[in-house]
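Below you'll find the structure, written out as structure tokens, and then a few comments.
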Amino acid sequence: MNPAIQGLLTIAIGVGGCLSYFYFSNQFLDKVLFPAKGPNAGRNINRANLVRPWLFLLPAILALGLYLAYPVFETIRLSLTERQTLSDGTTVYNFVGLANYAQMSEDPKFWEALVNNMFWLIVVPAASTAFGLLAAQLTDRISWGNLAKSLIFMPMAISFVGAAVIWKLVYDARPPGTEQIGVLNAIYVWLTGNDPQQWLTTPFWNSFLLMIVLIWIQTGFAMVILSAALRGIPEETIEAAIVDGANPFQIFFKIKMPQIAGTIVVVWTTITLVVLKVFDIVFAMTNGQWGTQVLANYMFNQLFVARDWGVGSASAMIIMLLVTPILYWNVRNARKEMR
Amino acid sequence: MDNIAGTKSSLTWVVHISVALLVALWLFPTVGLFVSSFRTADQIATSGWWNALFPTEQSLVLRAAAPDAQMQEGGLYVIEGNLFEGEGLSDDIDMSAWGTSSRDVAAYAPGDTADLGDGETITVQANGDYRIESPAEMSGSRGQRVFVTAELPPDFTLANYRQVLLSGDATDSMAKAFFNTLTVTIPATIIPIVVAAFAAYALAWMDFPGRALLIAIVVGLLVVPLQLALIPLLKLHLGIGIGKGYLGTWMAHTGFGLPLAIYLLRNYMVGLPRDIIENARVDGATEFQIFTKIILPLSFPALASFAIFQFLWTWNDLLVAKVFLIDATGQTTVMTNQIVELLGTRGGNWEILATAAFVSIAVPLLVFFAMQKYLVRGLLAGSVK
């Protein structure tokens with residue numbers, strides 16, 4: 001069958017199934033179970049309204065429970081077990097306590113991933129927020145600012161894999177003496193006259209070259225949010241500062257920055273979450289070789305290369321542990337807002 | 001600050017230049033890939049893409065006509081013709097040097113005559129006209145090789161796109177992966193929207209016990225990392241017999257996208273005017289009617305925002321597809337995965353890589369530029385995730 005038709009058919013079944021659940025379940029509630037007519041019309045309407053929220057929520061609760069809540073607990077359990085295939089082909093999970101964590105802590109690759117993740121966590125949110133703030137502040141004051149904004153924002157739409165290809169071309173190295181086709185080496189050779197470098201295989205600095213890719217993607221996000229926050233600052237505070245003789249830098253750092261501090265924190269934490277989950281960039285560009293391992297890629301390797309689900313789950317728990325403070329902070333803020 | 005007298009002009013210029021620099025810096029890498037996708041493998045390998053926009057000095061290997069084209073001219077055997085003819089090159093090429101041996105490709109200037117041995121000579125003019133003279137009859141099936149150094153105008157080709165999209169070549173082809181990506185993306189965008197819209201309405205406008213707790217849980221689940229869900233869900237899918245396939249991938253994308261969808265849509269729906277909903281209730285509309293006829297149309301901006309997020313995220317996703325979709329047969333590969341495999345198998349073939357990457361980037365870029373307004377609005381509303 002033509003892949004296009006096959007695709008269309010699968011799409012129709014998937015989407016149609018979802019829509020018909022809502023339609024028919026509501027029809028069933030209103031027409032069959034508690035019809036809003038006959039002797040008990042009033043009571044039936046009340047009963048239907050008691051049931052209906054759960055009808056509306058059911059698929060969402062099922063999906064959230066099964067695909068997000070359950071895995072959290074299952075991962076905790078799996079991280080304490082070891083998968084074993086018995087001679088008759090069945091798989092059992094033996095409780096091994098903290099053995100997986102102990103095994104992981106002896107793996108130098110894990111510590112490399114953890115250290116690299118710490119660098120990522122410091123550099124990427126800081127640089128993205130700083131560039132975003134700079135771009136927001138500058139583009140808001142010129143006529144073609146919106147065009148500039150959407151061009152800086154554009155990498156947001158590009159996949160991490162696409163970005164990896166784009167930047168691999170930038171970092172490309174050709175043998176010494178031939179013309180360089182990677183911009184970085186072309187500039188490097190032109191400026192210093194040295195031989196071109198294999199940037200991605202040079203330990204320590206190659207991690208930062210990978211970080212640049214994510215900074216390039218996330219700056220647009222930071223810019224959009226911060227630009228809205230900057231525009232929300234009351235004019236009077238800035239005018240008052242100008243009248244008092246503040247220079248542009250003082251206005252920016254002493255008047256504007258404090259007023260958008262909350263937004264900066266939100267941007268920072270959002271990018272932090274992205275960084276913790278970063279997988280595609282490292283996977284596509286170096287696959288964690290040459291000292292560029294990060295936790296998410298380490299976890300993927302444990303899952304599919306080493307096929308060790310216990311250590312894989314344990315490393316996933318480390319990521320969860322790093323996310324927990326942000327989770328707590330978000331829930332607390334959301335509850336505060338609702339009151 | 002624009003109103004500080006005397007500082008405006010100088011500062012404004014600095015701002016203009018800084019923004020231009022910033023934009024150039026951000027665009028440069030993408031433009032590089034885009035330009036490369038229109039160049040041949042030779043062009044990419046021999047010169048940086050930034051040279052592609054200008055005429056460049058290039059070395060070409062061309063051939064004179066084969067000996068069966070020779071004519072007799074007063075005791076001499078002669079082949080005449082133009083080297084550039086039939087090469088798909090433009091007519092007004094001006095060569096700077098030529099040669100007959102790969103050891104010295106620029107041995108002669110235009111107009112010079114080179115000795116080919118056995119009394120055979122060749123003369124090449126700047127415009128590519130050549131004349132081979134020989135006292136004896138020439139033999140062989142192929143013509144004389146001529147190496148030409150010439151300034152060539154910018155030259156772009158669509159051949160890479162033909163190779164990637166139409167050739168059907170198993171390793172290079174993106175056509176199948178393109179449809180697979182669509183098959184993943186469309187339901188994985190629509191299903192969470194439908195599910196989340198109903199749930200958001202219930203959380204925003206229906207009264208039931210446990211509502212506040214549910215909202216708090218949704219906010220908490222917003223940040224749960226995907227990595228946590230991989231192993232348990234893979235185990236679950238394998239256990240209940242779904243295995244790897246579209247169904248499992250849709251469900252995974254739905255689950256992972258739902259918290260943001262519910263959060264965005266609920267925040268938007270709560271802001272809708274209460275009167276409209278109350279009036280409809282008084283007029284005897286059922287909740288289902290209120291939802292489909294009033295709430296859904298009014299929530300269009302929020303629905304569009306989330307749809308773009310989810311579309312971009314599912315289209316660009318690699319991890320979920322690798323874990324839940326792509327099996328050993330590779331029949332269900334998606335574009336991101338195809339590109340990663342190309343990076344492995346054809347790491348040096350930038351013309352194929354660049355083109356494949358651009359095919360996969362093109363759709364999200366179109367969506368991005370067409371619906372940027374909604375994307376920004378959604379970001380501003382949901383920047384907790």
Side-chain angles (χ1 to χ4, degrees), chain A residues 3-4 7 10-11 14-15 18 26 52-53 56-57 59-60 63-64 67-68 71-72 74-75 135 138-139 141-142 148 150-152 157-159 161-162 165-166 169-170 179 181 186 224-225 228 248 266 270 273 277 279-280 284 296 299 309 312-313 316 319-320 323 326-327 330-331 334-335, chain B residues 1 15-16 18-19 22-23 26-27 29-30 32-33 47-48 176 179 182-183 186-187 190-191 194-195 198-199 202 206 208 216 219-221 223-225 227-229 231-232 246 250 254-255 258 286-288 312 316 318-319 336 339-340 353 357 360-361 364-365 368 372 376 379-380 383-384:
Chain A
T10 355
I11 290 168
V15 176
C18 174
N26 273 282
R52 199 181 327 270
F56 275 36
L57 282 166
L64 286 178
Y67 279 84
L68 285 171
V72 174
E74 178 71 358
T75 305
L138 292 178
T139 51
R141 347 167 77 236
I142 54 176
S150 74
L151 290 177
I152 295 176
I158 296 175
S159 61
V161 174
V165 176
I166 288 175
L169 181 60
V170 172
E179 190 167 353
I181 67 168
V224 166
I225 307 278
V266 168
T270 309
L273 289 172
K277 293 184 271 186
F279 159 76
D280 315 33
M299 193 244 152
W309 288 16
S313 298
I319 302 177
M320 184 67 207
V323 169
I326 301 175
L327 187 149
N330 272 357
V331 172
R335 299 210 69 140
Chain B
M1 265 160 285
V15 170
H16 275 288
S18 322
V19 173
L22 210 58
V23 169
W26 248 252
L27 265 185
T30 318
L33 197 77
S47 68
K176 189 178 182 60
F179 285 118
L182 267 182
T183 311
I186 294 175
I190 298 174
I191 295 173
V194 175
V195 172
F198 278 94
M206 289 176 169
F208 59 92
V219 173
L221 291 179
V223 302
V224 169
Q227 271 77 14
L228 228 62
I231 297 177
Y246 288 116
W250 293 340
T254 303
L258 264 184
T286 67
E287 293 283 339
F288 191 74
L312 290 178
N316 291 339
L318 172 69
L319 186 55
T336 44
I339 293 171
V340 171
L353 264 178
S360 92
I361 292 172
L365 279 187
F368 172 82
Q372 203 179 0
V376 170
L379 273 183
L380 293 176
S383 52
V384 183

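Convention: sequence-line order gives letters A, B, ...; per-chain numbering from 1. Please read all numbers here as calculations on a predicted model, not as lab measurements.
For B/Pro225 against A/Val323, the heavy-atom pair with the smallest separation is CG-CG2, 3.8 Å. Closest of all the heavy-atom pairs between A/Leu138 and B/Val15 is O-CG1, 3.6 Å. When all heavy atoms are compared, the tightest approach of A/Ala157 to B/Asn316 is O-ND2, 3.1 Å. Of all non-hydrogen atoms in A/Pro71 and B/Pro232, the two that sit nearest each other are O-CG, 3.7 Å. The heavy-atom pair separating B/Val340 from A/Val161 by the smallest distance is CG2-CG1, 3.9 Å. A pairwise comparison of heavy atoms in B/Leu228 and A/Thr75 identifies O-OG1, 2.7 Å as the closest pair.
Only the side chain of A/Met299 comes within less than 4.5 Å of a heavy atom in chain B; its backbone stays farther off. Residue B/Gln227 touches chain A through both its backbone and its side chain, counting heavy-atom pairs closer than 4.5 Å. Contacts of A/Val170 with chain B are made by side-chain atoms alone, with heavy-atom separations under 4.5 Å and no backbone atom involved. The parts of B/Leu318 that come within reach of chain A are both its backbone and its side chain, each placing non-hydrogen atoms under 4.5 angstrom from that chain.
Listed options A/Ala63, A/Pro53, A/Ala316, A/Ala284 were ranked by heavy-atom pairs under 4.5 angstrom with chain B; first place goes to A/Pro53. Heavy-atom pairs under 4.5 Å with chain B peak, among A/Leu169, A/Leu64, A/Leu68, A/Asp280, at A/Leu169.
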Next item on the list: Please report the C-alpha distance between A/Leu151 and B/Trp26 in whole Å, then the side-chain angles of each, then the deciding distance to 0.1 Å, and finally whether the side chain to side chain contact (heavy atoms under 4.5 Å, CB included) criterion is met.
Entry: CA-CA 8 Å; A/Leu151 290 177; B/Trp26 248 252; over 6 Å; no

Note to self: Would A/Ile142 and B/Val19 count as a side chain to side chain contact (heavy atoms under 4.5 Å, CB included) here? Give the steps.
What the structure shows: CA-CA 9 Å; A/Ile142 54 176; B/Val19 173; 3.7 Å; yes

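Qualifying ring pair (Phe, Tyr, Trp, His ring centres under 6.0 Å) partners for A/Tyr67, counting only residues two or more places apart in sequence or in other chains: B/His237.
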